[in-house]
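Positions are given from 1, in the same order as the sequence printed here. Everything quoted here is computed from the prediction, not taken from an experiment. Indexing begins at 1, ligand by ligand and atom by atom, following the structure's order.
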Amino acid sequence: MAKFRKIGILTSGGDAPGMNAAIRAVARKALDEGVEVVGIVGGYSGLIQDNIVPLSPRSVSNIISRGGTMLYSNRCHEFKTEEGMQRAIEVCRKHEIDAIVAMGGDGTFRGATDLTNRGIPTVGIPCTIDNDITATDYTIGFDSAMNTALKMIDCLRDTCESHARCNVVELMGRDCGQIALYTAMASGAVAAVIPEIPFDEGKALARIQRLVKSGKRSFLVIVSEGVLTEDGQKYGELLTKRISEQTGVESKFARFAHVVRGGQPTLRDRYTATAMGVRAVELLLQGKSNVVMCELDGKIVDVDINYALIADRTYKNKLKPGDLDSFTKEQIASMQALAEQRKQELASLYKMVVETSK
Ligand code: ADP
């Protein structure tokens, strides 16, 4: 067993409900193992600026049910420079931080692997409402964000039905339509528009017209914020106008934006945060690092961070020259299989939304 005296925790990138539950789990498990714990306040910039606070079992009390992150989050450009990185290492040495648990998305994990390479063992915990980390089936915050959206969409459904209207709802998701797609399925939307799958607007408008004739009064359409028009405008508002003009169904637009990033985490997120947090500490104590906690087929497992980052680029068709050089043929094949699996999962969900919008 690696004998760590002190573990640091940081949250970075976009916040997600469940981050606090993960902080609590890491802190309590480490303290239970006799390891000191410090919070790094404000992500990687907190590290560079030496903003470090001790954490005790009591200082993480009453946070399991709260959204946001008690350690705050930040985007830190300086951390991406060698100077910033060296400063971060100096602060770790000064505070005798032996290892770090970094919570966030792929940017956060890139930072984590840089720290590991410079002698500070790091484990990542995936926290992002977008569920856009290819290596894991699930990221902390996804369920909470969708349930927050769903509650509000159910409200819109009521009023749409009373007034025979359509409501187009724009949800977060720049490159990833999972929040929009799952929420569309669960809210009984007539269509979902996501960045990954081309949208047939003509077909969708014709479907609405057909459904009006069959007596349907209310319609919901869910659009990801990342879907843009040819001239770079967000598509949701344009679609709202076109539905009104071309189907005769009065249509309203709602942008939920950051609302879905806040609020109480669901049981699913609190559970995953706790299970991943506890496991992250166990792994560090076993001498393992440079891994990200993942959920695969319902099990919490650890995956090499570099593999996770490149699997992501494989899925997003964003591989850069040399990215695959350090991987074996088997690893490359498994990344490609994973990317294909993710595409199929999305396509079958999309099909389900269309098939049930009758
Ligand atoms: P997320 O973790 O949600 O993907 P970001 O992409 O904004 O969010 O990344 C969070 C932080 O991680 C950044 O502000 C930066 O400090 C750090 N980071 C991102 N990319 C890198 C990188 N290539 N190398 C080192 N650190 C990075």
Side-chain angles (χ1 to χ4, degrees), residues 8-20 22-23 40-52 67-69 71-92 100-136 138-142 144-145 172-176 178-179 195 225-226 258 260-262 269 273 276 280 289-294 303 305-313 315-316 318-323 326:
I9 306 174
L10 64 82
T11 51
S12 152
D15 67 346
M19 274 181 160
N20 275 327
I23 293 168
I40 299 159
V41 180
Y44 290 120
S45 35
L47 200 52
I48 290 174
Q49 290 158 15
D50 197 352
N51 197 350
I52 313 289
T69 157
L71 292 176
Y72 309 142
S73 191
N74 215 334
R75 310 228 189 237
C76 175
H77 199 65
E78 199 188 341
F79 188 71
K80 295 187 193 174
T81 65
E82 190 52 41
E83 215 185 349
M85 192 71 63
Q86 287 308 331
R87 172 77 191 129
I89 299 289
E90 271 169 35
V91 174
C92 288
I100 286 182
V101 177
M103 303 172 184
D106 60 344
T108 302
F109 301 150
R110 263 178 248 286
T113 196
D114 286 345
L115 282 177
T116 308
N117 291 338
R118 285 165 181 78
I120 306 291
T122 307
V123 170
I125 297 186
C127 298
T128 158
I129 61 165
D130 288 337
N131 202 29
D132 62 348
I133 296 175
T134 307
T136 179
Y138 188 77
T139 63
I140 294 162
F142 183 48
S144 305
M172 280 199 155
R174 229 178 2 210
D175 306 311
C176 177
Q178 287 206 50
I179 295 183
E225 64 175 350
H258 287 74
V260 300
R261 288 257 289 260
D269 282 325
M276 286 186 173
S289 69
N290 211 36
V291 290
V292 54
M293 303 312 307
C294 291
V303 172
I305 288 190
N306 297 320
Y307 176 94
L309 291 171
I310 301 305
D312 231 31
R313 287 200 188 146
Y315 171 68
K316 292 169 185 160
K318 285 187 177 164
L319 281 173
K320 294 181 186 159
D323 269 356
S326 59

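Taking both residues in full, the closest heavy atoms of Thr128 and Gly105 are given as CG2-CA, 4.5 Å, listed atom of the first, atom of the second, then distance. Across every non-hydrogen atom of Cys92 and Ile100, the tightest pair is SG-CD1, 3.9 Å. For the pair Asn20 and Gly67, the tightest heavy-atom approach, listed with the atom from each and the gap, is ND2-O, 3.1 Å. Counting all heavy atoms, side chain and backbone alike, Ile305 lies closest to Val292 at CG1-N, 3.8 Å.
When each atom of ligand 1 is checked for a heavy atom of Thr108 under 4.0 Å away, the hits are 1 (P), 2 (O), 9 (O), 10 (C), 12 (O). The atoms of ligand 1 that sit less than 4.0 Å from any heavy atom of Gly111 are 25 (C), 26 (N), 27 (C). Close contacts of ligand 1 with Gly14, meaning ligand atoms under 4.0 Å from a residue heavy atom, involve 3 (O). Atom numbering of ligand 1 starts at 1 in the shown order; those under 4.0 Å from a heavy atom of Phe79 are 16 (O), 26 (N). Within ligand 1, counting atoms from 1 as listed, the ones closer than 4.0 Å to a heavy atom of Arg75 are 5 (P), 7 (O), 8 (O), 14 (O).
Taking 4.0 Å as the cut-off, Asp106 counts as a neighbour of ligand 1 on heavy-atom distance.
Looking at Asp15 and Arg261, a side-chain N of the basic residue comes within less than 4.0 Å of a carboxylate O on the acidic one, giving a salt bridge. Using a 4.0 Å cut-off between a side-chain N of Lys or Arg and a carboxylate O of Asp or Glu, Arg110 and Asp106 qualify as a salt bridge. A salt bridge between Arg87 and Glu82 is absent, with no side-chain N of the basic residue lying under 4.0 Å from a carboxylate O of the acidic one.
In this structure Tyr315 satisfies the ring pair (Phe, Tyr, Trp, His ring centres under 6.0 Å) test with no other residue, sequence neighbours excluded.
When hydrogens are left out, the protein atom nearest atom 11 (C) of ligand 1 is Ser12 OG, 3.3 Å; that is the closest non-hydrogen contact. Residue, atom and distance of the protein heavy atom nearest to atom 14 (O) of ligand 1 are Cys76 N, 2.6 Å. With hydrogens left out, the protein atom closest to atom 9 (O) of ligand 1 is Gly107 CA, 3.4 Å, a heavy atom. With respect to atom 22 (C) of ligand 1, the closest heavy atom belonging to the protein is Arg110 CB, 3.6 Å. Atom 20 (N) of ligand 1 has its closest protein heavy atom at Lys80 CE, 3.4 Å.
For the pair Gly105 and ligand 1, the shortest N or O to N or O distance falls below 3.5 Å.
Contacts of Asp114 with ligand 1, taken as heavy-atom pairs under 4.0 Å, involve the side chain alone.
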- For Arg313 and Asp323, run salt bridge (Lys or Arg N to Asp or Glu O under 4.0 Å): C-alpha distance rounded to whole Å, both residues' side-chain angles, the deciding distance at 0.1 Å, then the answer. CA-CA 9 Å; Arg313 287 200 188 146; Asp323 269 356; 2.9 Å; yes

